[in-house]
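When reading the values below, keep in mind they use all heavy atoms of this one structure, side chains included, and skip hydrogens, waters and symmetry mates. Along the sequence shown, residues are numbered consecutively beginning with 1.
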Amino acid sequence: MKNPEIVQKIRRLEETVFINPSKLPESEAERGCPLTMRDIEDADERLRRFAPYLAEAFPETAPSGGIIESPLREISAMQAELDREYDCRIPGKLYVKLDSHLPISGSIKARGGIYEVLKTAEDIAFESGMLKKEDDYRVLLEPRFRELFSRYSIAVGSTGNLGLSIGIMSAKLGFRVTVHMSADAREWKKKLLRSRGVNVVEYASDYSIAVAEGRKKAEGDPYCHFVDDENSKTLFLGYSVAALRLKKQFEEQKIPVDASHPIFVYVPCGVGGGPGGVCFGIKQVFGDAAHCFFAEPTHSCCMMLGMATGLHNEINVQDIGLDNRTAADGLAVGRPSGFVGKVMTPFMSGCYSLSDERMFALLAELVNTENIHLEPSALAGMYGPVLLAKDPAMREYIYKEGIGDALGNSTQLVWATGGNMVPEDEQEKYYQRGVEERRKN
Ligand SMILES: *Cc1c(COP(=O)(O)O)cnc(C)c1O
């Protein structure tokens, strides 16, 4: 097993930084990669074809013309608070990408999940001869398309948020849809889905089992499309489109990104599809100027374990004695996606883990300083800039990359992956727990 000292730290549930020794310069990394910029553009074009439909089907997307996108915000009050709290100096400027506020399903899953449902619908509609690429996709609102899609079903295994995205979008188009939910999924998510006519199947076990059961049930049915969170390239590419949108937002807000203005991106990671797709897109768009990190809970840091050992999906956090229990929805994943781990190995700067307690403390801090309400998992990225400023392994990374001088011009981008759909009373409980954690420290 490679990197035994990292595995030891993970086993002891220590907060750990893993700098990826297999990262390559962008040009070399791209040479061995099965996916390209062209794939991202293809996904972007598909989402544009659907935009007129989405603007009508989900009026909350009308202001952006049916494009599902989230705000990019500078959070200087939070930056100052983190500097004070952790007695450090975060270099550059701190920004948050509010995927927590994506329309339709309020999490990063509104990118990949919705994209895969739309692509499935388009494939079926093309094959039926009822739709052509050049058509105005608002025709999909007509009953004949609902009738067409009702002959098919869509299934997915999920800890919650992916189920929300797939369920809401599939039900809107007219598909029959089943969501296989792991034991940690929140009651309110199940309720919301059932209210939209989604068939929710509950499991007493964790995410991997819910996915495996869903996959097995779907296998025998040629009219069922299974959204495979562990292996889907379609999901991955749906997420990657975020980078093209981000580039535009940087231009609009006059934020330079180049060799002397590097960008550091910190993305909460569960099975890996969401953060992997986002980081893949960012590396394609910004190349060597981008430095990407996956952020995971100490109890479920499956991607770090997979990458550090080189075993990817052949190792599970339970194999080394972890319980895979975390309050961070969407991150309670014990086995990473092998596809994502392998594709992303030459692109990633590293991974780190943090405790649930710290996520809650950061949650309360963000409310206090910026009045932004996120779910706990979405705060995993927020610890990255602090580590960059303080952690010895991070300092060594900066030195090795030769970017010390550019650090002051850097953009520190925290990817906030969910939270806007959380009911107010749940949100208040999260906040109170965060206040409590802050008091303890
Ligand atoms: C799903 C999810 C993630 C991680 O995405 P993966 O594709 O599972 O790695 C992060 N944060 C939230 C809120 C999520 O729902």
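Considering only residues two or more places apart in sequence or on other chains, N316 meets the side chain to side chain donor-acceptor pair (under 3.5 Å) condition with Q318. With sequence neighbours left out, the salt bridge (charged side-chain N to carboxylate O under 4.0 Å, His left out) criterion links R31 to no other residue. With sequence neighbours excluded, the residues satisfying side chain to side chain contact (heavy atoms under 4.5 Å, CB included) with S76 are E74. Not counting sequence neighbours, A80 has no partner by the side chain to side chain contact (heavy atoms under 4.5 Å, CB included) test. K429 is linked by a salt bridge (charged side-chain N to carboxylate O under 4.0 Å, His left out) to nothing, counting only residues two or more places apart in sequence or in another chain. Taking the salt bridge (charged side-chain N to carboxylate O under 4.0 Å, His left out) definition, one finds that K133 meets it with nothing, sequence neighbours left out. For Y53, there are no ring pair (Phe, Tyr, Trp, His ring centres under 6.0 Å) partners at least two apart in sequence or on another chain.
Judged by distance alone, with hydrogens and angles left aside, the side-chain atoms of N20 form a donor-acceptor pair with the main-chain N or O of M348 at under 3.5 Å. At least one donor-acceptor pair under 3.5 Å links the side chain of S158 to the backbone N or O of G163. No side-chain donor-acceptor contact under 3.5 Å links D329 to the backbone of R186. The closest donor-acceptor contact from the side chain of T16 to the backbone of E14 lies under 3.5 Å.
Sorted by first and then second residue, the salt bridge (charged side-chain N to carboxylate O under 4.0 Å, His left out) pairs involving residues 278-298 (not counting sequence neighbours) are E26-K283. Applying the ring pair (Phe, Tyr, Trp, His ring centres under 6.0 Å) definition to pairs two or more places apart or across chains, none involves residues 91-112. Applying the side chain to side chain donor-acceptor pair (under 3.5 Å) test to every pair with at least one member in residues 306-315, sequence neighbours left out, gives no pairs at all.
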Output side-chain donor-acceptor pairs under 3.5 Å for residues 399-406, partner residues at least two apart or in another chain, one line each.
residue	atom	partner	partner atom	Å
K400	NZ	E396	OE2	3.2
E401	OE1	K23	NZ	3.3
E401	OE2	K23	NZ	3.2

Under 3.5 Å, which donor-acceptor pairs do the side chains of residues 412-424 form with other protein atoms, sequence neighbours left out?
residue	atom	partner	partner atom	Å
Q412	OE1	Y266	OH	2.6
Q412	NE2	S410	OG	3.0
W415	NE1	D99	OD2	2.7

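Tested against P275 for a side-chain contact (heavy atoms from CB on, under 4.5 Å), the candidates F280, F294, Y239 yield a single pass: F294.
Ring orientation note: the planes of F264 and F293 are close to parallel, at an angle under 30° on the 30°/60° scale.
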Evaluate side chain to side chain contact (heavy atoms under 4.5 Å, CB included) for H225 paired with E116, printing each intermediate quantity in order.
-> CA-CA 10 Å; H225 177 81; E116 179 147 349; 2.8 Å; yes
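A cation-pi arrangement is absent between K390 and Y86 under the rule of less than 6.0 angstrom and at most 45 degrees off the ring axis.
Residues H291 and Y397 bring their aromatic ring centres within 6.0 Å. For F286 and F250, the gap between ring centers is short of 6.0 Å.
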